[in-house]
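One structure is given below, encoded as structure tokens.
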Amino acid sequence: DGGITQSPKYLFRKEGQNVTLSCEQNLNHDAMYWYRQDPGQGLRLIYYSQIVNDFQKGDIAEGYSVSREKKESFPLTVTSAQKNPTAFYLCASSIKGNNQPQHFGDGTRLSIL
Amino acid sequence: GQQVMQIPQYQHVQEGEDFTTYCNSSTTLSNIQWYKQRPGGHPVFLIQLVKSGEVKKQKRLTFQFGEAKKNSSLHITATQTTDVGTYFCAGRSNDYKLSFGAGTTVTVRA
């Protein structure tokens, strides 16, 4: 079955540590996205990529980094510069274009130890 | 930047009753999408509206896009326990980014 796989489901970060969240899709979608979800705030866009080897900052990119070396993969690194990383992180993908729905993974819940 | 406001934040509904959630954008939208997130789950695409004044129905759900393309609504009739979850609207202007509302979390009293 085609879909988006995020791993791990739960992740714990120590102070000063970088952690990387995995996102893989086999839908052959060009565009991929990372969102952060906090209670009562909906989804906020961190980074997005419309094509391999290219990505753009979203609304809350500070303290995060991404790469897009392969079409099917869009890992997100939460760096130590992100002072409030505890949140639910959602990865999504879509066919490239303005009128396309986004398909979401099951998410990774990141907590600080 | 573009902002999408969604109200109410919470909706407690008696089973069988109707309710509506509203979305308003600070800018004109090219389209608006609606998603549903079940408790513990991820957002799932429901529908997209593109045309001014457009109305679409999915069984008991009615989606509407305002004439000015700055607001939208989702109306659910005869609420069932399967309607529990958080409903998000997401508006798009002239780029690839979606701006999500904060969502309306629906609980149902049987």
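Sequence lines set the chain letters: A, B, ... in the order given, protein chains first and strands last, and positions in each chain run from 1. Model, not experiment: these values are computed from the prediction.
Contact of Q100(A) with chain B is made through the backbone alone, with heavy-atom distances under 4.5 Å. Within the 4.5 angstrom heavy-atom criterion, only side-chain atoms of Q37(B), from C-beta onward, approach chain A. The part of L90(A) that comes within reach of chain B is its side chain, from C-beta onward, which places non-hydrogen atoms under 4.5 angstrom from that chain.
Because its NZ or CZ atom is not both nearer than 6.0 Å to the ring centre of F55(A) and within 45° of the ring axis, R68(A) does not count as a cation-pi partner of that residue.
A salt bridge links K71(A) with D30(A): the closest approach of a Lys/Arg side-chain nitrogen to an acidic carboxylate oxygen falls below 4.0 angstrom. The existence of a salt bridge linking R44(A) and D38(A) is confirmed by a sub-4.0 Å separation between a basic side-chain nitrogen and an acidic carboxylate oxygen.
Aromatic pair F104(A)/Y35(B): ring centres closer than 6.0 Å.
Counting heavy-atom pairs closer than 4.5 Å to chain A, the top residue among P43(B), G41(B), G101(B), G103(B) is P43(B).
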